[in-house]
Amino acid sequence: MRNDHNISRRTILAAVGVLPLLMSMPGRGHAEALPLVSVSKDPSCGCCDGWVAHIEAAGFPVRVVESADMDSLKQRLGVPADLASCHTAEVGGYVVEGHVPAEAIRRLLSERPEATGLAVPGMPAGSPGMDFPGVDPEPYEAFLFGQTTRSLGRFLGSREI
């Protein structure tokens with residue numbers, strides 16, 4: 001019986017020694033402090049729910065606001081009509097329009113460019129929220145918009161290419 005007690009103590013001490021190492025690994029131990037993503041969407045939109053699930057899976061806290069008047073919101077937030085999509089989000093002082101991958105939002109928040117926001121116009125097949133089984137993803141572009149509009153990058157699915 002005494003041996004079991006000693007083994008148990010060694011096991012605990014070993015685990016405690018490894019715990020700080022595990023806590024320091026990226027994505028382990030403590031949550032990365034990501035800002036709230038406030039998503040406005042039409043109540044009947046299903047692909048918006050898929051995009052919200054993608055953003056939550058990436059670790060962002062999300063609040064969903066259902067609105068029947070998305071056009072007024074987009075206009076108030078400065079979303080150009082040619083970059084519009086089905087849902088509009090606000091995060092970290094930026095507007096995020098459409099099926100923008102979480103990776104692009106992280107880049108936006110990290111680089112903090114002078115811009116109003118980031119958009120994926122339309123509803124590209126395979127983009128987050130539009131990634132339905134049996135649908136081949138198509139390459140698409142994410143655009144920074146504000147005083148000017150420029151590409152942030154090309155994506156396939158949720159990954160930059």
Side-chain angles (χ1 to χ4, degrees), residues 21-67 69-161:
L21 176 64
L22 290 175
M23 294 293 286
S24 69
M25 292 174 65
R28 300 275 185 213
H30 55 83
E32 182 180 350
L34 293 171
L36 175 70
V37 179
S38 180
V39 182
S40 296
K41 69 177 215 54
D42 186 280
S44 64
C45 185
C47 67
C48 299
D49 294 333
W51 185 77
V52 166
H54 166 77
I55 296 304
E56 287 176 325
F60 285 92
V62 176
R63 179 183 66 205
V64 175
V65 178
E66 295 191 344
S67 171
D69 188 13
M70 292 298 298
D71 290 338
S72 293
L73 175 74
K74 291 173 194 303
Q75 188 173 27
R76 182 175 58 80
L77 294 175
V79 177
D82 61 332
L83 297 181
S85 184
C86 55
H87 56 268
T88 304
E90 297 173 78
V91 59
Y94 290 101
V95 176
V96 176
E97 178 69 12
H99 295 269
V100 176
E103 179 180 326
I105 296 171
R106 284 179 182 269
R107 182 173 163 198
L108 173 74
L109 295 172
S110 171
E111 295 178 4
R112 308 250 359 127
E114 192 171 314
T116 300
L118 184 59
V120 169
M123 301 166 77
S127 61
M130 295 298 296
D131 47 353
F132 304 113
V135 173
D136 291 331
E138 61 185 38
Y140 61 94
E141 214 158 350
F143 295 95
L144 283 170
F145 65 91
Q147 294 286 0
T148 61
T149 299
R150 68 176 175 89
S151 177
L152 179 80
R154 290 183 51 78
F155 292 82
L156 185 65
S158 61
R159 300 277 179 221
E160 191 167 5
I161 53 174

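Separation of atoms CE (M130) and OG (S85) is listed at 8.5 Å; rounding is to 0.5 Å. Rounded to the nearest 0.5 angstrom, Y140 OH and I161 CD1 are separated by 9.0 Å. Here the straight-line distance linking atom SG of C45 with atom CE of M70 works out to 9.0 Å at 0.5 Å rounding.
For residues 45-61, the set of pairs meeting the salt bridge (Lys or Arg N to Asp or Glu O under 4.0 Å) definition, not counting sequence neighbours, comprises K41-D49. For the side chain to side chain donor-acceptor pair (under 3.5 Å) condition, the pairs that include at least one residue of residues 86-98, sequence neighbours left out, are K74-T88, K74-E97, T88-E97. Applying the side chain to side chain donor-acceptor pair (under 3.5 Å) rule to pairs touching residues 148-157 yields E141-S151, sequence neighbours excluded.
The main-chain N or O of D42 is never found under 3.5 Å from a side-chain atom of S67 such that the two would form a donor-acceptor pair. Proximity of a side-chain donor or acceptor of R107 to a complementary backbone N or O of L152 within less than 3.5 Å is detected. Panel note: side chain H99, backbone V120; no donor-acceptor pair is recorded below 3.5 Å. Between the side chain of S127 and the backbone N or O of P124, at least one donor-acceptor pair lies under 3.5 Å.
With a 6.0 Å radius and a threshold of 12 heavy atoms from other residues, nucleotides or ligands, R159 has its CZ atom at or below the threshold. Around CD of Q147, the count of heavy atoms belonging to other residues, nucleotides or ligands within 6.0 Å does not exceed 12.
Across S158 and P101, no two heavy atoms sit closer than the pair O-CB, 3.7 Å. Nearest heavy atoms, L108 versus L144: CD1-CD2, 3.6 Å. Considering every non-hydrogen atom in both S40 and L73, the closest pair reads CB-CD2, 3.3 Å. Of all heavy-atom pairs between G126 and V135, the closest is N-CG1, 4.4 Å. Heavy-atom minimum distance, F145 versus L83: CB-CD1, 3.7 Å. Closest non-hydrogen pair, R106 versus L34, comes out as NH2-CD1, 3.5 Å.
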For this session: Under the side-chain contact (heavy atoms from CB on, under 4.5 Å) rule, what do V65 and S38 come out as? Steps first, then yes or no, please.
Result: CA-CA 7 Å; V65 178; S38 180; 4.2 Å; yes
Exercise. Going through the checks in order, is the side-chain contact (heavy atoms from CB on, under 4.5 Å) test met by D82 and F143?
Worked result: CA-CA 11 Å; D82 61 332; F143 295 95; over 6 Å; no
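Counting only heavy atoms from C-beta outward, the side chains of V96 and W51 approach each other to under 4.5 Å.
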